[in-house]
Amino acid sequence: MDMFLYIDKETPVHRLDPRTKLLLMLLSFVLALSFRNFAILSSVLVGVLLYGAAGGALSNLRRIRVVLLMIALFSMGIWSVATPSDSRFLIFSLDGLLYGVMVAIKTDLMIISGMIFLSTTKIEEIAGGLVKLKLPYRGAFAFSTAIRLVPMIVATSYTIIQAQKSRGLDLDSGSMLQRARKYVPLVIPTLVSVIRGTNVFSMALESKGFGYSDTRTNLLELRMKRNDWLTLGVALLVVAAAFFFNMDSV
Amino acid sequence: MCAFQQRYPPKGAGIYVMNDEKAIVIRGLTFSYRGDEDVRAVKSLDFEVDRGEFVVIMGPSGAGKSTLANSLNGLIPRFLRGKYEGSVLVNGLDAAKHSVSRMADEIGLVFQDFEAQLFSTNVKLEVAFGPENFAVPREEIAERIGRVLKTVNLEGVEGRSPATLSGGQKQRLAIGSVLAMHPDIVCMDEPTTDLDPLGKMGVFAIAKELHEQGALTLLIIEHETEEALHADRLVVMKDGEIAAQGKPGDILRDVPFTDGAGIMPLQIPKYFFELKLCEREELPLLPKDGAEFFRRKGLVLEQSRYKWLIEGDRARERHYGKTIVKAEGVTHVYPDGNRAVDDVGLEIREREFVAILGHNGSGKTTLVKHFNGLLQPTSGKVTVCGKNTAEHSIYEIGKEIGYVFQNPDHQIFAETVFEEVAFSPKIRGCPEEELAVRVREALEAVDLAGYEKQDPFSLSKGERQRVAVASVLSARPGIIILDEPTTGLDYTEQRKMMELVRKLNESGQTVIMITHTMWVVAEYAHRVVVVKDGRVLLDGATRDVFAREPELEASHLRPPHIVSMSNLLGHTLLSVEEMKYCTGGVS
């Protein structure tokens, strides 16, 4: 089972410098968090999706479509009930629903944007990019390793779920409290396995000379090329334009 | 060969006495782990390794092998802390006084757990990681990647993610990623324990090649006795000390010693030793030499006795009950399109003891997971005790069939052994008063009575494995599935585990076992099913399947030495005891 997010392809997006992709992601966050305008938010979403398609990352988005949909439905449900309003249909209000849709777009937009970043950038590139942005290598490595650990933990917990189900653990019945208690046989072996695994991992890391000296070669050559500057230029223009045309709602 | 001689100037302060003769010099090393100060993992150890030497280290669990390995590059005492006395000089450098990353320039360490030591996006970057840390110029790293991948036989997968490789490929990559740093000493700590026979062969082939190139000093900690024969020197450790060392052949011919040291004896010398036919020096080591020696000494296989064995097999088969596991045309296709199981039909009867063999990725685990409903067939049907697994939940099927996963740490969670073993019957609604009976019964079956109040996490691997078996037995399933029950255990623990499984089977339990360990299959299983590419390649009584050596070898499975020798002599005998029983002509 492939648990890793990075999709190994040769696309224009893959070829961009990790710093460019990181910045694009941050800019999309800025846009998502700054605006309440439907037209702007949905055009950014479309833009991000097109960018993702160019990077061949749509298959990963398909993998998390249920999560995205759940977030959207949850947001619409909560806000349509919770927003103060005069006109309501049963307990739902139209203003609230619209607000919920907007929050859903904002949240999904950021998740999608993050997913595209991880699908098109190797963890070594992320680390390398962060080092170029003057972060210490150890910090950058720790950050990129954290991303790598997630799929490892998921794979381990998958085996553990199977082992405990075989012993008769039934996760689908009982009250909320009973169900929560049923997770103990899953959580403890997962933690133990992850701790044991990371212990070997750090021993292997040291045994391969990690931290030997302050200067370190990076096999992947990171250089801002013409396409990077062009992409960043366009992205900044888009952001500036968005702010310009939507001064009042900021 | 020059690739591994080239080195970088030493860096950092410290004693640097270049000793051309010795790669490793250990004097009076004593170490006890923090939190376990009373136990000395190694005791006043003196040990030397010559430059270019190939040393294999063997010994039971807890003998101090890994402690020795980890002290070579300073992981002990810098990473794994405790009370440290004595000195470890590697290329003249005091391992305890330098950082692990500094020592990494001298000695490369490969660990057993290949999953945890690979962390890069693709194979190329994995190999590059070490040299990158040592600031090797980019062009040279690229060159080293090419060379190393050739050495470890991984050309053509440069761009693949390590996660998508097979176990054997992963371990070879781990070795390659260490070689890329150009250490002139490499130490591998049980590199083949988690590998199938094919993966093991790959690793040993690399070790042999590196040794033949001559420049590398090689230390391998291993459980496989047969592979130790290629080494220059065999070191046997026990209780933190070196119990014996010398030419592998000499040590392995000393059968009383290997039996006492808790390492797996070589079967051929053991057999001839027990016949008391010759001096120790004359004992043959390998099947071919054994067969020749057998004939030369005028020995014969007694037909009547062999027939008696066969009759015993038949009688056992007649004693089997009704069919309880039935797979009909089972096919399983994973979402990514991989057809892991392809049209398999299989019937298993009550009280059978079936071993399922096949290399990693052959589909054997996928197949077996259908038997307790963890997986559902894409097409076809599986019935367990008459229940169709598609129509019953895992919970219900689990009453009939228990599944012990390979790694006991994937299921142990409770604070006491009692709680752990009681878990399964408890959630199945077993009343309190019966619970105690069930736990006692299960713990007695695995020989752990009296352990009820112990913390399962503090037990040894072999004991944890037995707790895992007990925790499945307590639900009283009629059928038990064991996935690699002997992996990671030493020879004595393996024997103990398998004697236990045999006892269970004799008391009426049906046993289905996935394993890579061929002597375990030969001595314990009644029936063998070989799976290859998702299909059943061979299925029959163990004796019949092991007679077909060429077909087994095509699946990268090699029968144990004694079986091979008996095959050469015209009959298939499954253990040293059987061989002795049938031997005639001893004057």
Side-chain angles (χ1 to χ4, degrees), chain A residues 1-4 6 8 121-125 144-145 148-149 151-152 155-157 159-160 162-170 172-173 182 184-193 196-221, chain B residues 11 70 73 75 79 99-102 104-105 108-109 111 113 115-117 119-122 124-125 128-138 141-142 159 161 163-164 177-178 181 334 336 369 372 374 393-395 398 402-403 405 407 409-413 423-424 427-428 457 471-472 475:
Chain A
M1 192 173 28
D2 188 14
M3 288 285 188
F4 291 87
Y6 177 72
D8 193 25
T121 322
K122 299 186 179 80
I123 50 167
E124 291 83 359
E125 289 177 324
S144 61
T145 305
R148 175 203 169 271
L149 280 178
M152 216 176 85
T156 308
S157 60
T159 313
I160 290 168
Q162 286 202 330
Q164 304 297 38
K165 272 190 171 176
S166 303
R167 290 170 79 191
L169 184 69
D170 175 16
D172 304 323
S173 62
K182 285 183 183 170
V184 174
L186 301 181
V187 173
I188 291 178
T190 308
L191 280 179
V192 170
S193 300
R196 286 209 175 143
T198 45
N199 209 25
V200 178
F201 173 69
S202 47
M203 280 171 37
L205 211 59
E206 298 248 355
S207 304
K208 286 189 198 174
F210 181 73
Y212 173 74
S213 80
D214 296 334
T215 49
R216 183 181 188 277
T217 318
N218 194 343
L219 182 69
L220 300 168
E221 216 165 339
Chain B
K11 199 189 154 190
N70 291 333
N73 75 343
L75 280 171
F79 191 91
S99 69
V100 177
S101 53
R102 170 67 191 89
D105 202 11
L109 215 58
F111 300 87
D113 184 353
E115 302 287 351
Q117 52 184 320
F119 39 80
S120 302
T121 306
N122 63 39
K124 216 162 85 180
L125 290 168
F129 183 79
E132 281 181 333
N133 288 327
F134 289 103
V136 175
R138 200 171 277 151
I141 296 184
S161 155
T164 64
S177 70
V178 162
M181 292 185 289
Y334 281 111
D336 63 2
K369 281 185 177 167
N372 79 332
L374 275 175
S393 64
I394 303 177
Y395 182 80
Y403 196 128
F405 273 61
N407 187 347
D409 297 332
H410 281 160
Q411 63 167 67
I412 288 176
F413 71 97
F423 175 71
S424 194
I427 44 180
R428 291 178 194 285
F457 291 100
S471 71
V472 166

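A note on names: the letters A, B, ... follow the listed sequences, proteins ahead of strands, and every chain is numbered from 1.
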Q: Quick one, A:Pro185 and B:Phe413 - any side-chain contact, counting heavy atoms below 4.5 Å?
A: yes

Q: Which answer fits B:Ser99, side chain, backbone, both or neither, if we ask what part of it has an atom under 4.5 Å from a heavy atom of chain A?
A: neither

Q: Determine the option with the most heavy-atom pairs under 4.5 angstrom with chain A, choosing from B:Leu125, B:Asn73, B:Asn122.
A: B:Leu125

Q: Between A:Ser193 and chain B, which part of the residue has a heavy atom less than 4.5 Å away: side chain, backbone, both or neither?
A: side chain

Q: By a 4.5 Å heavy-atom criterion (distance strictly below it), what part of B:Asp409 contacts chain A: side chain, backbone, both, or neither?
A: both

Q: Sort A:Leu149 into side chain, backbone, both or neither according to what part of it lies under 4.5 angstrom from a heavy atom of chain B.
A: neither

Q: I'd like to know if the side chain of B:Gln117 pairs up with that of A:Lys208 as donor and acceptor (distance under 3.5 Å, no hydrogens or angles considered).
A: no

Q: Is B:Phe129 in contact with chain A via its backbone, its side chain, both, or neither, using a 4.5 Å heavy-atom distance?
A: both

Q: Pick whichever of B:Ala128, B:Ser120, B:Gly108 has the most heavy-atom pairs under 4.5 Å with chain A.
A: B:Ser120

Q: For chain A, which candidate among B:Ile412, B:Asp113, B:Asn70, B:Val472 shows the most heavy-atom pairs at distances under 4.5 Å?
A: B:Ile412

Q: So, does A:Thr217 use its side chain to make a donor-acceptor pair with the main chain of B:Val136 at under 3.5 Å?
A: yes

Q: Looking at A:Lys122, A:Arg196, A:Glu206, A:Met203, which one has more heavy-atom pairs under 4.5 Å with chain B than the rest?
A: A:Met203

Q: Are B:Tyr403 and B:Phe405 an aromatic pair by the rule of ring centers under 6.0 Å?
A: yes

Q: Of all of A:Thr145, A:Asp170, A:Leu205, A:Thr190, which one pairs up most often with chain B through heavy atoms under 4.5 Å apart?
A: A:Leu205

Q: What part of B:Asn407 gets closer than 4.5 Å to chain A, counting heavy atoms only: side chain, backbone, both or neither?
A: neither

Q: Measure the shortest side-chain to side-chain distance between B:Asn133 and B:Met181 over non-hydrogen atoms and say whether it is less than 4.5 angstrom.
A: no

Q: If I take atom OH from residue A:Tyr6 and atom OG1 from residue B:Thr121, how far apart are they, to the nearest 0.5 angstrom?
A: 7.0 Å

Q: Let's test your reading of the structure: which of B:Tyr334, B:Phe119, B:Phe423, B:Phe457 forms the most heavy-atom pairs below 4.5 Å with chain A?
A: B:Phe119

Q: With only heavy atoms counted, which part of A:Leu191 is less than 4.5 Å from chain B, the side chain, the backbone, both or neither?
A: neither

Q: Centre of B:Tyr395's six-membered ring, under 6.0 Å away, within 45 degrees of the axis: is that where NZ or CZ of B:Arg428 sits?
A: yes

Q: By a 4.5 Å heavy-atom criterion (distance strictly below it), what part of A:Glu125 contacts chain B: side chain, backbone, both, or neither?
A: neither

Q: Is the closest side-chain heavy-atom distance between B:Leu109 and B:Leu75 below 4.5 Å?
A: yes

Q: Flag the one option from A:Glu124, A:Lys165, A:Gln164 with the top tally of heavy-atom pairs under 4.5 Å to chain B.
A: A:Glu124

Q: Tell me, side chain or backbone of A:Asp8 under 4.5 Å from chain B's heavy atoms, or both, or neither?
A: side chain

Q: Are a donor atom and an acceptor atom from the side chains of B:Asn372 and A:Ser166 found within less than 3.5 Å of each other?
A: yes

Q: Would you say that B:Phe79 contacts A:Ser202 through its side chain, given a criterion of any heavy-atom pair below 4.5 Å between the two side chains?
A: yes

